[in-house]
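Structure record follows, encoded as structure tokens.
Protein chains get the first letters and strands the later ones, always in sequence-line order, with residue 1 at the start of each. These values consider heavy atoms only, across backbone and side chains, with no hydrogens, waters or symmetry-generated copies. Quick caveat, the model's predicted, so the values are computed rather than measured.
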Amino acid sequence: MARILITSALPYINGVKHLGNLAGSQLPADVYARYCRAAGHEVLFICATDEHGTPAELAAIEAGQTVAEYCAEQHDIQKNVGAGFSLSFDWFGRSSNEPNRRLTQHFADVLEDNGLIDERSSKQVYSVDDKRFLPDRYVEGTCPNCRFEKARGDQCDNCGTLLDPIQLINPYSSVSGSRNVEIRDTRHLYLLQTKMQDQVRAFVDARAKDWPQLTTSIAYKWLDEGLIDRSITRDLSWGVPVTRNGKPRPGFENKVFYVWFDAPIEYIGSTVEWAEATGGNWERWWRTDKGADDVTYVEFMGKDNVAFHTVSFPVTILGSKEPWKLVDKLKAFNWLNWYGGKFSTSQKRGVFMDKALELLPGDYWRWYLTANAPESSDTAFTWEHFKSTVNSDLNDVLGNFVNRITKYAAAKFDSKVPEGGKPGEHEAWMANELATRLPALIAHYEAMEFRKAAAETRAIWAAGNEYITKAAPWTAYKTSVDQAAVGIRTGLNLVALFGVIAQPIIPDTATKILEALGVPEGNRSLAASKLVAGDAMLDALPRGMTIAVPPQLFTKIEDAHVVDWTQRFGGG
RNA sequence: GGUGGGAUAGCUCAGCUGGUUAGAGCGCAGGACUCAUAAUCCUGAGGUCCCCGGUUCGAUUCCGGGUCCCACUACCA
């Protein structure tokens, strides 16, 4: 039994995430966590909301709330929406909670003790009317290069030039539109990443063989270009206060740590929250000197996050010179697009997690988003594709199979697992299919190839339909009830097996199936050793046991739905 | 501009350390079955594997060049 620590990239607090976010981090992390648990591993699956930063403050202002109220409310919303998708986090924390404050301040202290933090002065744009310093992107003005009048402070959208906000002509605040802005000197803490360059490269070198190319190429790109010293504090009030050895740091009373510094630390902080709430031992997962040396740590994220997880966060960890667990495997995803374009809130294009659950149960989305996960490249979502995938895979191939077998067992065999007959060539064919397909399925999960895992799962379900067509117990029944009994007994065992292998991707449906068949918790394992195909696997349910016909598992998506949803959510 | 990824059947995607007829699902056409949610099963049609060169006995696969799409490019996350 292995010990596996799994984290999903932290969803930002400013509103419910869309399906692309779900598909690229939280969902595959959950599928993997569920697979690992079913395979018998000890799993700790951690996530949290990322709550600091200017966007959170602005969103709170817009909502007419304090930022603390806003974050508390949005955290609960995101937590509930995640539960609606059956995301099985062991803990879903908050980066604004106390453990993360303590840890963030601790890391800053030890980094400074190790000579990796400098206090430097820089020039920032201050908006007098907004009473706040403005992040680069919230300053707009005329581009000094092309004279475009709505260039952002970080980059001109018209000519693409990278800018420093103090270069802008006639700058104004994009928050309020006020032109009453000025450039002020402000002091900040800088993390001396330049000093950590070699150590981080050695770390990446050591891990590169376990990382996909998408991950390593991004990491090496940053290293090859050379790390720069980064400011890790901001002139804001909402965030982790800047302290030094437990006391407010002089001159930093109105500053907080930068969100990108504290957010990844919340992976640890959220684990501490879990420990405090459950009595668990968090150090056993994070401190290699306290039992975490045998932990495999797996991170899930969209590709935009890779640099921060392969380079920036390791700088923090390695720079502390303390025995913290570092990432072992990193699974990065491309983007889910909407009809080939972007998800867009403002243009009402795309579906957000809460709205998706109003249309259909979580399993429908989980299946589609896993079977079409953007693993190797960006993937397009369309309602038509969604409809055909759900209808065919879930309703026709799986749902109908479960229904046809259990109903026949109820009608002809008194709802019992039939006893008679002996397996023959068709059962041998089925056992042989499983003997090749089940190991392939396990291999795909181990490799975190979720798209292929879904395809193999479906192929196994389809093989069940093929088997029952060959065995044709309804025909056999006319001449030999025993012959029919073999087919239905095998079919019922397949139903149970199909439920077992469905657990990682469509857990709610899997549970319905397994409950109807009376499969006890202990017999739902996905461990390779428990999936040895053969006659025994096709005769595992106790003969004579009473089974139930499960409620209809899925409902088909109709053309009318597609028309309706296209109107409501855009697309087409 | 830089870096990386992608371009394969009508659609969404596999695959190819170079080797006889390039695969899956959906969609489409025909057939079978009738236990089941008009579900299932079988068969078939359908591809200049982006373009141009090169290496090779042989290239969808390797190399060079080109075209198009996408992401990242360090303080928005």
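Contact annotation: A:K452 does not reach the phosphate of B:A24 (side-chain N/O to OP1 or OP2, under 4.0 Å). When the side-chain nitrogen and oxygen atoms of A:K407 are compared with OP1 and OP2 of B:U37, one or more of them lie within a distance under 4.0 Å. A:R458 has a side-chain polar atom (N or O) that falls below the 4.0 Å cut-off from OP1 or OP2 of B:C26. For the pair A:S392 and B:G25, the criterion of a side-chain N or O lying under 4.0 Å from OP1 or OP2 is not met. A sub-4.0 Å separation between OP1 or OP2 of B:A77 and a side-chain N or O of A:Y258 is present. Within the 4.0 Å cut-off from OP1 or OP2 of B:A39, at least one side-chain nitrogen or oxygen of A:K556 is found.
Counting atom types as modelled, A:N400 pairs no side-chain N or O with a base atom of B:U40 as donor and acceptor under 3.5 Å.
Spacing of P atoms, B:G44 relative to B:G25, comes out at 13 Å, to the nearest Å. Comparing B:C42 with B:A24, their P atoms are spaced 12 Å from each other, to the whole Å. Comparing the same atom, P, in B:U40 and in B:U8 gives a spacing of 28 Å after rounding to whole Å.
The side chain of A:N465 lies closest to B:C41 when the candidates are B:C41, B:G25, B:U12. Closest to the A:E466 side chain, of the nucleotides B:C33, B:C42, B:C26, is B:C42. Listed candidates were B:U34, B:C35, B:A74. Nearest to the side chain of A:I228 is B:A74.
Both A:W474 and A:Q193 lie near RNA chain B, and the one whose nearest nucleotide falls closer to the 5' end is A:W474. Nearest-nucleotide assignment on RNA chain B puts the 5′-proximal partner with A:T469, out of A:D229 and A:T469.
Counting to the nearest Å, the C1' atom of B:A74 and the CD atom of A:Q197 are 13 Å from each other. Residue A:E140 contributes atom CD, which lies 12 Å from atom P of B:C76 at whole-angstrom precision.
The ring of A:H75 has its center closer than 6.0 angstrom to the ring center of A:F92.
Figure legend: cation-pi geometry between A:K331 and A:F333, with NZ or CZ positioned under 6.0 Å from the six-membered ring centre and within 45° of its axis. Geometrically, A:K17 does not engage A:F352 in a cation-pi contact, judged by NZ or CZ lying under 6.0 Å from the ring centre and within 45° of the ring axis.
Between the side chain of A:D262 and the main chain of A:V240, no donor-acceptor pair closer than 3.5 Å is present.
Judged by ring centres under 5.5 Å apart and planes tilted less than 30 degrees, A:Y408 fails to stack against the six-membered base ring of B:C35.
With salt bridges taken as basic N to acidic carboxylate O contacts below 4.0 Å, one links A:R120 and A:D229.
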